[in-house]
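Working notes, structure below.
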Number of protein chains: 2
Amino acid sequence: MKVGTLAKKAGLTVRTLHYYEEVGLLAPAQRTEAGHRLYGAAEVARLQHVVLLRQLGFSLEEIRACLDQPEASLARAVALRLARLEEEIALQQQLHRRLETIAARLRAAEDVSIETFIQTIKVMTMIEKYYTPEQLKQLEERGRQIGEERIREAEGEWKDLIAEVRAEMEKGTDPASETMQRLAARWQGLIQEFTGGDPGIYQSLKTMYQQEGPAKASRGMVDPEVTAYMVKAMQAGE
Amino acid sequence: MKVGTLAKKAGLTVRTLHYYEEVGLLAPAQRTEAGHRLYGAAEVARLQHVVLLRQLGFSLEEIRACLDQPEASLARAVALRLARLEEEIALQQQLHRRLETIAARLRAAEDVSIETFIQTIKVMTMIEKYYTPEQLKQLEERGRQIGEERIREAEGEWKDLIAEVRAEMEKGTDPASETMQRLAARWQGLIQEFTGGDPGIYQSLKTMYQQEGPAKASRGMVDPEVTAYMVKAMQAGE
DNA sequence: ATAAGACCTTACGTCGCGTGAGGATCAAGG
DNA sequence: CCTTGATCCTCACGCGACGTAAGGTCTTAT
């Protein structure tokens with residue numbers, strides 16, 4: 001059997017068969033005097049094995065090792081490949097979460113310049129530093145449950161709330177006053193809605209605000225003064 | 001700022017920065033008379049963008065296009081990347097299912113030669129031809145619920161059952177006889193356990209047996225004669 | 001006999017750099 | 001001022017698994 005025939009049978013190209021010979025994976029049984037490659041039944045079988053192993057994502061090198069020493073632990077090779085694949089999948093899924101979040105934020109933002117885009121990515125990497133992968137999954141799940149619309153609405157509520165708090169702060173209102181306690185309750189309600197009541201997520205959120213500062217952590221929505229003032233109000237309420 | 005400094009700041013190597021200049025992605029603002037690269041604030045910013053976009057899995061070419069025409073639809077680029085990623089993930093997960101199945105079969109088989117291994121893979125590709133991806137997921141899920149032990153047990157039951165049916169066939173027992181009806185009931189019970197009662201899976205299974213023939217479809221456990229005899233018994237029972 | 005098709009070897013391109021080789025330049029100490 | 005070590009430069013090959021010519025030889029059908 002000549003190369004072209006074998007190539008068609010195996011669904012490969014002639015070049016591929018040439019290459020397999022080049023790397024010592026599959027040599028023809030013999031050659032004609034003109035140098036044309038001739039393959040026998042054994043080669044057909046071996047090629048079939050190669051194709052199947054390739055479909056499982058093994059490298060040509062690994063396949064060669066596998067086929068050349070039949071006593072080599074196939075089970076080990078499969079386990080190894082499986083482990084590698086699982087790592088890859090985990091990476092891909094992390095990337096998927098990032099891209100989804102970014103896409104959602106892009107849909108939400110009115111300004112889609114490169115700057116906001118880059119800003120979004122920076123925020124995401126910051127967030128990924130403070131939440132564990134499981135927490136991120138949970139947050140994603142909660143985001144879906146709540147819906148994009150409610151998220152936008154909540155962002156509006158935050159804006160209003162912060163503005164009101166700042167007004168009280170500038171008026172010099174006592175943090176322990178009833179007005180401030182009502183605002184503090186709304187504040188904690190919004191946080192509660194975000195965390196879904198999960199104490200771990202609440203903790204991570206707090207750590208992020210402490211480490212990065214309120215301005216960065218809130219993406220510019222709130223500044224240190226207002227935050228400090230609100231913390232006082234919440235402490236007074238305890 | 002010189003290359004080494006910039007490289008350290010960005011967490012890249014000097015070679016990478018050289019390469020980025022080579023492909024027209026990031027050129028230094030100027031050079032010293034000795035030819036040393038000098039980068040300014042604008043280049044630092046651009047490099048930051050490049051790094052971030054790389055983390056999202058964009059190719060250098062795509063990044064260049066993105067950065068060189070700021071009005072280019074970032075949202076579209078993200079959507080495109082997301083779609084590509086989802087395809088990749090789907091492929092990886094298919095591969096993952098295959099490898100898991102193979103690993104399980106390898107654990108179950110006493111003979112772990114290349115031949116059984118290859119045989120397993122062939123069977124898997126055949127199976128994937130007849131079941132939809134959702135059905136495969138369902139089957140995987142059922143396999144986990146049932147447990148490997150019960151699966152091995154069931155395989156033993158199949159062997160016994162087939163032997164008994166063959167014995168009756170060779171004795172010339174009437175397919176409509178009560179003996180055969182009891183065997184048919186056991187037969188259908190085992191199938192039922194496998195399909196989990198899903199009619200779609202049952203249909204796919206039937207199609208596979210019709211198209212591939214009983215010997216191939218059952219991995220050599222049953223032959224056409226026994227199958228035909230059993231079909232008669234089941235028809236007689238209706 | 002001739003034309004079309006199959007075959008041969010050689011070799012460069014892909015992508016994102018890593019890893020040298022061999023030499024020029026720079027900053028700091030003796 | 002000279003040396004030394006760090007940093008810089010360009011050039012170029014390497015990777016993995018082939019694709020894609022280019023330019024020539026062989027086989028097969030008419």
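Letters go in sequence order (proteins before strands), and every chain restarts at 1.
Heavy atoms of A:Val23 sit nowhere under 4.0 angstrom from any nucleic acid atom. Heavy atoms of A:Thr32 sit nowhere under 4.0 angstrom from any nucleic acid atom. Within the nucleic acid shown, A:Thr13 comes within 4.0 Å of sugar-phosphate atoms alone, with no base atom in reach, counting heavy atoms only.
With C:dC17, D:dC18, C:dC7 as the candidates, the nucleotide lying closest to the side chain of B:Tyr19 is C:dC17. If you check D:dA17, C:dC8, C:dT25 against the side chain of A:Arg31, the one that comes closest is C:dC8. Here the nucleotide nearest the side chain of A:His18, chosen from D:dC13, C:dT9, D:dC9, is C:dT9. Considering only the side chain of A:Arg15, D:dC18 comes nearest among C:dC26, D:dC18, D:dT27. Of the candidate nucleotides C:dC17, D:dT27, D:dC18, C:dC17 has the atom lying nearest to any side-chain atom of B:Thr16. Taking the side chain of B:Arg54 as heavy atoms from C-beta on, and the options C:dC17, C:dC8, D:dC8, the nearest nucleotide is C:dC17.
Comparing B:His36 and A:Ala34 against DNA chain C, the residue whose closest nucleotide sits nearer the 5' end is A:Ala34. Each of A:Lys2 and B:Thr5 has a nearest nucleotide on DNA chain D; the 5'-most of these lies closest to B:Thr5.
In this entry the distance linking CG of B:Leu53 with C1' of C:dG16 reads 16 Å, nearest Å. Taking atom CD on A:Glu22 and atom P on C:dC8, their separation rounds to 13 Å, with Å as the unit. If you measure from atom CD of A:Glu61 to atom P of D:dC18, you get 14 Å, rounded to the nearest angstrom. The distance between atom CG of A:Leu6 and atom C1' of C:dA6, rounded to the nearest whole Å, is 15 Å. Note: CZ (A:Arg37) to P (C:dC7) measures 10 Å, nearest angstrom. In this structure, CD1 of B:Ile63 is placed 11 Å from C1' of C:dG16, rounded to the nearest angstrom. Between A:Glu33 atom CD and D:dT27 atom P the separation is 7 Å, expressed in whole Å. In this structure, the CG atom of A:Leu25 is 11 Å from the C1' atom of D:dA17, given to the nearest Å.
Taking the charged nitrogens against the carboxylate oxygens, A:Glu155 and A:Arg152 have no contact shorter than 4.0 Å, which rules out a salt bridge. By the 4.0 Å N-to-carboxylate-O rule, B:Arg150 lies close enough to B:Glu193 to be salt-bridged with it. Ionic pairing of A:Lys129 and A:Glu212 is present here: one or more N-O contacts between side-chain nitrogen and carboxylate oxygen are shorter than 4.0 angstrom.
Panel note: side chain B:Arg98, backbone B:Met124; no donor-acceptor pair is recorded below 3.5 Å.
Evaluation of the side chain to side chain donor-acceptor pair (under 3.5 Å) test over residues 42-52 of chain A, restricted to residues two or more places apart or in two chains, returns A:Arg46-A:Asp68.
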